[in-house]
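Just so you know, these numbers use all the heavy atoms, side chains as well, and skip hydrogens, waters and symmetry mates. Within every chain, numbering begins at 1; the chains are lettered A, B, ... in the order of the sequence lines, protein sequences first and strands thereafter.
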Number of protein chains: 2
Amino acid sequence: MDQKIKSKETQNLIINNAFELFYKHGYNKTSIPEIIKGTGLSKGAFYHHFNSKKNIGEKVIDLTVRKRVYERMVVPLKNPDDAPVIPLLCDVFIKRIEGYSDLEKDLGCPANNLINEIGYSENSFRKMLRGIIDNWQLVMINLLEQGKIKGEIRKNIDTSATAIFLISAFEGVRGIRKVYDDDKILDEYLIAVKNYIEQLA
Amino acid sequence: MDQKIKSKETQNLIINNAFELFYKHGYNKTSIPEIIKGTGLSKGAFYHHFNSKKNIGEKVIDLTVRKRVYERMVVPLKNPDDAPVIPLLCDVFIKRIEGYSDLEKDLGCPANNLINEIGYSENSFRKMLRGIIDNWQLVMINLLEQGKIKGEIRKNIDTSATAIFLISAFEGVRGIRKVYDDDKILDEYLIAVKNYIEQLA
DNA sequence: AAAAAAACATTCTTATCAGTATGTTTTTGT
DNA sequence: ACAAAAACATACTGATAAGAATGTTTTTTT
């Protein structure tokens, strides 16, 4: 029984290391020798726990990338205690970005990076990344529909269109920010998205 | 003198081939042997005209990617004959997307793909890609300010923020579309961006 | 027409990759 | 305590990469 725990710990060690490298250098630029280098493990260990590079790619997306988006962007919008909708949207699409570290600004969004780098190449990756976006959009639609009922969101708002628009702008600006050295672009996005969200009421 | 033309033609042949491969498989996944394969040329020819992979990357960005964005997204917004602003924005951010081929939908935007894949890794790439976005944003700011004067755009609109917001949403949705098999996501974006643009008036 | 240079082709080098085969050590069930 | 299996390590294979070196052909200059 102790062995199962150790195995999971080793896998997580490798997965976490792989995630960091995928995030910093991209999936294609990251090699398996590089992934294990930071862990103190050997190639034999890696291939004992994962059967290919594609396999660890899937694990990273499922266990780390998906989890990150879920915790940061989906959970805050689930709104179990029925809070006002507009401030919730501001939390996720404005405050979230304001709280990023310089590194997170420089490197962009892990999910969006993978979508753009390998989103079209590998079908298993596509499906998982699509699931992440679908889930995000769904919780936003629910929130906005909820807002309509409560009279906080205009009745003529197309909720699924609004959701995709907000997600697109968010991911788009996080990508574009990568080629800039300062926060000018993010600040401009913040002004515009604030106006957009408020105009939903 | 004939030789100079031939040289340029060969370079363009290689550059065009490289662009297609970068677009389809990404910069890092594309090898120089692959690039020359489609041209009938040899590796010696390649390294006679370009001194490294980074070098052809720069040429592709400068001569093809920049030109594409300029012709498709910047020129239509330059508005020399003083046309109404809102329809012009619709042309670029709505009609443009509606006219894409299936392949263009699947593969996303070449500029945005490169921004996301190598935007942070190589400084010379960063600078050039940044220049493309800067130029795009600038022409939009001019157009919107022009629209304010003509009374077609609300006076309290932040033009640089609006420009980045539109660009971000456009590039964002083109990225996200890559993990989908149908146009649902694009259609939703189109509804939302139409409302957004019209609300600028 | 001969010399020089540009445009290519061929071959080679060195490095690194993903993945495999075959070990050794540690843990676990009996 | 011992056999089996899991968790690792080491060494290897074959493919492919970027780029350099060195060749040959074509074009240009004189």
(request) May I ask you to say whether A:Glu98 pairs ionically with A:Lys194, meaning some side-chain N is under 4.0 Å from a carboxylate O? (result)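 No, A:Glu98 and A:Lys194 are not salt-bridged.
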(message) Any carboxylate oxygen within less than 4.0 angstrom of a Lys/Arg side-chain nitrogen, looking at B:Lys67 and B:Asp62?
(response) no
Whether [X] contacts [N] is assessed here as follows: a side-chain N or O lying under 4.0 Å from the phosphate OP1 or OP2. Is that the case?
| X | N | answer |
| --- | --- | --- |
| B:Ser52 | D:dA18 | no |
| B:His48 | C:dC8 | no |
| A:Ser7 | D:dA7 | yes |
| A:Lys6 | D:dC8 | yes |
| A:His49 | D:dC8 | yes |
| B:Ser31 | D:dT16 | no |

(request) Would you state whether a donor and an acceptor, one from the side chain of B:Lys43 and one from the base of D:dA18, lie under 3.5 Å apart? (result)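 Yes, the side chain and the base share a sub-3.5 Å donor-acceptor pair.
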(message) Looking at A:Lys53 and C:dG19, is any side-chain donor or acceptor paired with a base atom of the opposite kind under 3.5 Å?
(response)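 Absent.
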What is the distance, to the nearest angstrom, from the [atom1] atom on [X] to the [atom2] atom on [N]?
| X | N | atom1 | atom2 | value |
| --- | --- | --- | --- | --- |
| A:Phe46 | D:dA6 | CZ | P | 20 Å |
| B:Ile36 | C:dA9 | CD1 | P | 9 Å |
| B:Lys37 | D:dT16 | NZ | C1' | 11 Å |
| B:Tyr47 | D:dA18 | OH | P | 6 Å |
| A:Lys29 | D:dA17 | NZ | P | 13 Å |
| B:Lys8 | C:dA7 | NZ | P | 10 Å |
| A:Leu41 | D:dT10 | CG | C1' | 14 Å |
| A:Ile5 | C:dT28 | CD1 | C1' | 14 Å |

(message) Quick check on the 6.0 Å ring-centre criterion: do B:Phe93 and B:Tyr189 meet it?
(response)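 Centroid distance B:Phe93-B:Tyr189: not below 6.0 Å, so no.
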(message) Just checking A:Tyr27 against A:Phe125, ring centres under 6.0 Å apart?
(response)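 Distance test on ring centres: under 6.0 Å, yes.
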(message) Are A:Lys8 and A:Lys4 packed together at the side-chain level, in the sense that at least one heavy-atom pair is separated by less than 4.5 angstrom?
(response)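 Not in contact.
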(message) Between A:Gly44 and A:Glu34, which residue's closest nucleotide on DNA chain C lies nearer the 5′ terminus?
(response) A:Glu34
(message) Return whichever of B:Ala45 or A:Asn51 has its heavy-atom-nearest nucleotide of DNA chain C closer to the 5' end.
(response) B:Ala45
(message) Closest approach to the side chain of A:Ile32, judged atom by atom: which nucleotide of C:dG19, D:dC8, D:dA17 is it?
(response)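 Output: C:dG19.
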(message) Among C:dA18, C:dC8, D:dC8, which nucleotide has an atom closest to any side-chain atom of A:Pro33?
(response) C:dA18
(request) Give A:Thr39 one of three labels, base, sugar-phosphate or nothing, depending on what nucleic acid heavy atoms sit under 4.0 Å from its own. (result)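 Nothing, no heavy atom under 4.0 Å.
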(request) Determine, stepwise, if the pair B:Asn55 / B:Tyr47 fulfils side chain to side chain donor-acceptor pair (under 3.5 Å). (result) CA-CA 10 Å; B:Asn55 182 230; B:Tyr47 277 99; over 6 Å; no
